[in-house]
Every structure is written in structure tokens, then in C-alpha cells.
Amino acid sequence: MAAPAAQRTVIENCAIATVDAGDTEYASGHLVLAGNRIESVGAGRAPEGLENVVRRIDGTGHLATPGLVNTHHHFYQWITRGLATDHNLFDWLVALYPTWARIDEQMTYTAAQGSLAMMARGGVTTAMDHHYVHPHGSGDLSGSIIRAAAELGVRFTLARGSMDRSEKDGGLPPDFAVETLEGALAATEETVRTHHDASFDAMTQVAVAPCSPFSVSTELMREGAELARRLGVRLHTHGSETVEEEKFCHELFGMGPTDYFESTGWLGEDVWMAHCVHMSDSDIAAFARTRTGVAHCPSSNARLAAGIARVPDMLRAGVPVGLGVDGTASNESGELHTELRNALLINRLGTHREAALTARQALRLGTHGGARVLGRAGQIGSLEPGKLADLVLWKMDTLAHASIADPVTALVLGAAAPVTASFVNGRQIVENGRLLTADEDTIAASTRDEARRLARIAAQD
């Protein structure tokens, strides 16, 4: 018996930025979605005579782009926003770890809902969460995060984090908020085996992700890398975020962060690092040589006064770079589309840097760059036939953008553009700026309640 023909959605009359290898753009073009794939994209109207068309969308006044790809986040922080607002990274962590160490499964699930909902309604179609806080007896935190992503319909990578260096070992987190070396490795392997999907159209993937050099033992770094490669999954951690981290690595390991990562097996095309703010020429060369990726988080870096990452230099060297929201305790907006603008503006700071990053480079960071960093550039990140139908229609004919002739410039440099429609795997999850897969008001109330519950519990200690 023949398989049923895929249902088609036709989008016409919109500007299109494909973000393919040639940066192909159409002033007025069409997209045809067949099931969960992009069937065709091109100039003018869609081909005539298409069968099984179940929906036609008039995209007049819109720009179509690939869905945004978030490469670094900490969802649980949604319920600790607005705290420690004038701290550097280490002081901020010391201030917040005692509260974070009290999270439980319900808090984590609700915070994941809030984080995912905010990103999805702003054009994110693929998200990731680096969850590394696993307090004793807190429940199935990984499962709760994955469940929230599945319910909202967002493509998702869980970076199963871990920490085994607590205060008693010279680390920053409280003793009861960390795992043992053996426990962290076992739990990470179980998470990968239970939830990771290696298929082309996977909605859930898992990476191995010890937190950072200052909260993880060398043994966990080295054995975590070995575990990831044995299981065939990617590796993620924080790297070179602050000058304090650089000093810590020299004092503890006798070398800088990049050399330390290389010594533990943490450079390679299956690895991506968050932040990478303080990188020397030799560090950038090492990342380029090994194809190690970077998650650039401009708003969080500014919020914590970490510094300005050398993104233009990384791109020139060939380092894969994507964008990250980072946790919402250091980027309270929780949105990725604002990071397009912030990445461009922050990287232009300084004398004669007016062309350090362009609008189209910023869009590429947030789409194809992110897909490459997550190891999924063959499936998502650009609008091309055969790729997965993850795309966004941005409304560009309102007061905020209508007088800007170039829609890509309008999207990146203008105010945050409204999302008329967002598709993930061919399924529409946002319409006219509102989620179709969850009730935003219910999520808002739940996150407020869980934030208050966490604050009460933390205040009792």
C-alpha cells in the first residue's frame, strides 16, 4: 500500500533570507512545506498544480527566515530573575547558588515552560538547555525539561550538566548541590540512552555537559569527554568567560582554559563552549584548527561585565559561532531575537569597528551558525529543499519596520519584530505572536508561583 502523500503548506509573496551557503535572498518569493520538510523555495509564486495543499499563507509584508537556534541557556533560572543585578560572574554565582540548590522537579519543569515559551514566541525553533544543578532528592529534572520542550513543540537539545567540585573542594556550589564523579557519569549516560534521538528529524537530542572548569574535577571533564564519544553525542561546557576564570585555571592547572580543555579532550568538532570572551590569538587558532564551536551570549556577557568576545576574529578564523540567550538570571529578557541586534552592536564597540559585524552575519549567527554549533547544519539553519521545515514569518510592514527598505536590516537593527507564524518540523507553534501549543497566561502564573515558593524555601536556610 502506498504511503499517503504529504500535506503541503504554501507560503507566497514574502521576502526570503535563506541563509544558505550563498546567502540567497528573494525580494518576493515562495516556500512549499511538505510534511516536515521544505520542498521548494524560490522567487515568485509557488509552482502550479501542487497536490494535497491544505493551507496557503499570503506572506505580503513579511520576511521569512530559518527558525532561530539557541545554543546556550539555563532554563531553571527563569524563576530567579532580577536577583544579584550588580555582580560579576563569581560573586553572582556565590549569591545565587544557595537558592538554585533548592530547586525541585516541579520548579524545573515550570521554569523550562517559561524559558521555552518566551523564546518560541520570539522566533526560536530549536532550543538547548545546559542544566547542571542536580540537588540531592530533587527528582527527574532532565525528564521534566524534555517534557516541557515536547509539549511546546520546540526542537530541543538537553546538555545534561553536572558538577562534582563543591565548596569543600574549592568550588563555588554548596556541597549538597553537586554529584559524585561516578553518580554524574552514570546519570548522564542514562539520560543519553533514554532520551537521545540520532535521527535526521530528531526533536530531542542530549549532549554531555560538565558545568565549567571551576565547578568540575579534571576526572569528570576527561571521563565526560570519553563518555560522549563512546555514546556518539556532543560535548558542551562553559569556557573562557571571565578574567577570574583565566586566573583560576592558571592557579589550579598551571595553564589557561583552552590548553586545559585540550589536555582533557575538550577540543573538537563535536564540542561547543559557552561565552569564550577572553580568547587570545592562539586560543582562537586552536578552536579554528579543531572546529570547536562557540555559543556567543552578548547580553549575558554585558550583564555580568564579563567583556566582549572576539566574534569577528573567530569568524574570520573559521570558528563555528552561534548565539545564546544564556540563563535568564543574567539575561532577564529571555529572548534570542534581541541577541541578533546586541551581537552586532556590542561587537562594533571600539574605534573603527563600524563593519566588525554586519546584519547578515548576525542573522547567520542566530540561524545557520547555531545549527552548525549543535551539529545539525545538515537538517536546520537555512531554508533549502530537503531540510526540516523550521522557519519564521516576521511581520515587517508595521510602524516599527515599514520605512526600512531592506528587511534583513530591519529585522536585525530595528525593534523586535512580531512573529506572525513559526513552524517547527512543519507544525505551526506560534500565530500572531501567541503560542498555539500552550497557554501563556497559565505559564506566567505558574512561574510566578514557583519563583515565590523557591524564594520561601531558600529564605528558611
With the threshold set at 4.0 Å, does a side-chain nitrogen-carboxylate oxygen contact exist between [X] and [Y]?
{"X": "Arg310", "Y": "Asp281", "result": "yes"}
{"X": "Arg348", "Y": "Glu354", "result": "no"}
{"X": "Asp104", "Y": "Arg453", "result": "yes"}
{"X": "Asp23", "Y": "Arg360", "result": "no"}

Open item on the list: For a side chain to side chain contact (heavy atoms under 4.5 Å, CB included) check, start with the C-alpha distance between Leu152 and Ile429, then their side-chain angles and the critical distance, and finish with the verdict.
Closed with: CA-CA 8 Å; Leu152 266 69; Ile429 66 167; over 6 Å; no
Just by distance, do the side chain of [X] and the backbone of [Y] share a donor-acceptor pair under 3.5 Å?
{"X": "Glu241", "Y": "Ala306", "result": "no"}
{"X": "Asn70", "Y": "Val325", "result": "yes"}
{"X": "Thr85", "Y": "Gly82", "result": "no"}
{"X": "Thr328", "Y": "Trp78", "result": "yes"}
{"X": "His401", "Y": "Ala415", "result": "yes"}

- [ ] Starting from the C-alpha separation in whole Å, work towards a yes-or-no answer on side chain to side chain contact (heavy atoms under 4.5 Å, CB included) for Thr242 and Val277.
- [x] CA-CA 7 Å; Thr242 66; Val277 174; over 6 Å; no
What's the shortest heavy-atom distance between [X] and [Y], and which atoms?
{"X": "Val321", "Y": "Leu365", "value": "O-CD2, 3.4 Å"}
{"X": "Thr99", "Y": "Leu454", "value": "O-CD1, 3.5 Å"}
{"X": "Ala417", "Y": "Met396", "value": "CB-SD, 3.9 Å"}
{"X": "Val154", "Y": "Ala120", "value": "CG2-CB, 4.0 Å"}
{"X": "Leu235", "Y": "Gly224", "value": "CD2-O, 4.5 Å"}
{"X": "Val430", "Y": "Arg121", "value": "CG2-CA, 3.9 Å"}

Task: Phe248 and Phe90 aromatic ring geometry - parallel, tilted or perpendicular at 30°/60° bounds - done: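 Plane angle over 60°, so perpendicular.
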Task: Residues Glu384, Arg37; criterion salt bridge (Lys or Arg N to Asp or Glu O under 4.0 Å); working and verdict - done: CA-CA 9 Å; Glu384 301 180 74; Arg37 304 291 180 95; over 6 Å; no
No-hydrogen, no-angle side-chain donor-acceptor test under 3.5 Å, [X] and [Y]:
{"X": "Arg376", "Y": "Gln379", "answer": "yes"}
{"X": "Gln106", "Y": "Thr110", "answer": "yes"}
{"X": "Thr188", "Y": "Thr191", "answer": "no"}
{"X": "Trp266", "Y": "Thr237", "answer": "no"}
{"X": "Ser446", "Y": "Asp449", "answer": "no"}
{"X": "Asp164", "Y": "Ser162", "answer": "no"}
{"X": "His196", "Y": "Thr204", "answer": "no"}
{"X": "Tyr76", "Y": "Tyr109", "answer": "no"}
{"X": "Glu339", "Y": "Ser299", "answer": "yes"}
{"X": "Ser330", "Y": "Trp92", "answer": "no"}
{"X": "Asn331", "Y": "Asp326", "answer": "no"}

Is there a side-chain contact between [X] and [Y] (heavy atoms, below 4.5 Å)?
{"X": "Cys211", "Y": "His238", "value": "yes"}
{"X": "Asp129", "Y": "His72", "value": "no"}
{"X": "Pro312", "Y": "Arg353", "value": "yes"}
{"X": "Phe75", "Y": "His131", "value": "no"}
{"X": "Glu245", "Y": "Pro213", "value": "yes"}
{"X": "Phe156", "Y": "Thr126", "value": "no"}
{"X": "Thr18", "Y": "Tyr26", "value": "yes"}
{"X": "Val32", "Y": "Thr9", "value": "no"}

Could you grab the distance from atom [atom1] of [X] to atom [atom2] of [Y], nearest 0.5 Å is fine?
{"X": "Trp100", "Y": "Arg102", "atom1": "CH2", "atom2": "CZ", "answer": "15.0 Å"}
{"X": "Ile11", "Y": "Leu31", "atom1": "CD1", "atom2": "CG", "answer": "5.5 Å"}
{"X": "Ser212", "Y": "Met273", "atom1": "OG", "atom2": "CE", "answer": "11.5 Å"}
{"X": "Asn342", "Y": "Cys297", "atom1": "CG", "atom2": "SG", "answer": "11.5 Å"}
{"X": "Thr108", "Y": "Leu141", "atom1": "OG1", "atom2": "CG", "answer": "4.5 Å"}
{"X": "Leu93", "Y": "Ser215", "atom1": "CG", "atom2": "OG", "answer": "8.5 Å"}

- [ ] Evaluate the side chain to side chain contact (heavy atoms under 4.5 Å, CB included) criterion for residues His87 and Leu304: first the C-alpha distance (whole Å), next the side-chain angles of each, then the deciding distance (0.1 Å), finally the verdict.
- [x] CA-CA 6 Å; His87 294 54; Leu304 295 173; 5.5 Å; no
- [ ] Taking atom CG of Leu399 as the centre, report whether more than 12 heavy atoms of other residues, nucleotides or ligands fall under 6.0 Å from it.
- [x]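 At most 12 heavy atoms, drawn from other residues, nucleotides or ligands, come within 6.0 Å of this atom.
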Open item on the list: Atom CD of residue position Glu269 - does it have more than 12 heavy atoms of other residues, nucleotides or ligands inside 6.0 Å?
Closed with: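 No - once you tally the heavy atoms of other residues, nucleotides and ligands closer than 6.0 Å, there are 12 at most.
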Open item on the list: Under the side chain to side chain contact (heavy atoms under 4.5 Å, CB included) test against Ile380, which residue among Arg372, Arg155, Lys387 passes?
Closed with: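 Per the side chain to side chain contact (heavy atoms under 4.5 Å, CB included) rule, the option paired with Ile380 is Arg155, out of Arg372, Arg155, Lys387.
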Task: Passing option when Met128 is tested against Arg234, Gln205, His236 for side chain to side chain contact (heavy atoms under 4.5 Å, CB included) - done: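 So, applying the side chain to side chain contact (heavy atoms under 4.5 Å, CB included) to Met128 and each of Arg234, Gln205, His236, only His236 qualifies.
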- [ ] Check step by step if side chain to side chain contact (heavy atoms under 4.5 Å, CB included) holds for Val319 and Thr292.
- [x] CA-CA 7 Å; Val319 176; Thr292 303; over 6 Å; no
Task: Among Arg303, Gln77, Arg81, the one residue meeting side-chain hydrogen bond (donor to acceptor under 3.5 Å, both in side chains) with Glu332 - done: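 Going through Arg303, Gln77, Arg81 one by one, the side-chain hydrogen bond (donor to acceptor under 3.5 Å, both in side chains) with Glu332 is satisfied by Arg303 alone.
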TODO: Please name the residue in the list His74, His73, His275 that meets the ring pair (Phe, Tyr, Trp, His ring centres under 6.0 Å) test with His130.
DONE: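 Output: one option passes, namely His74.
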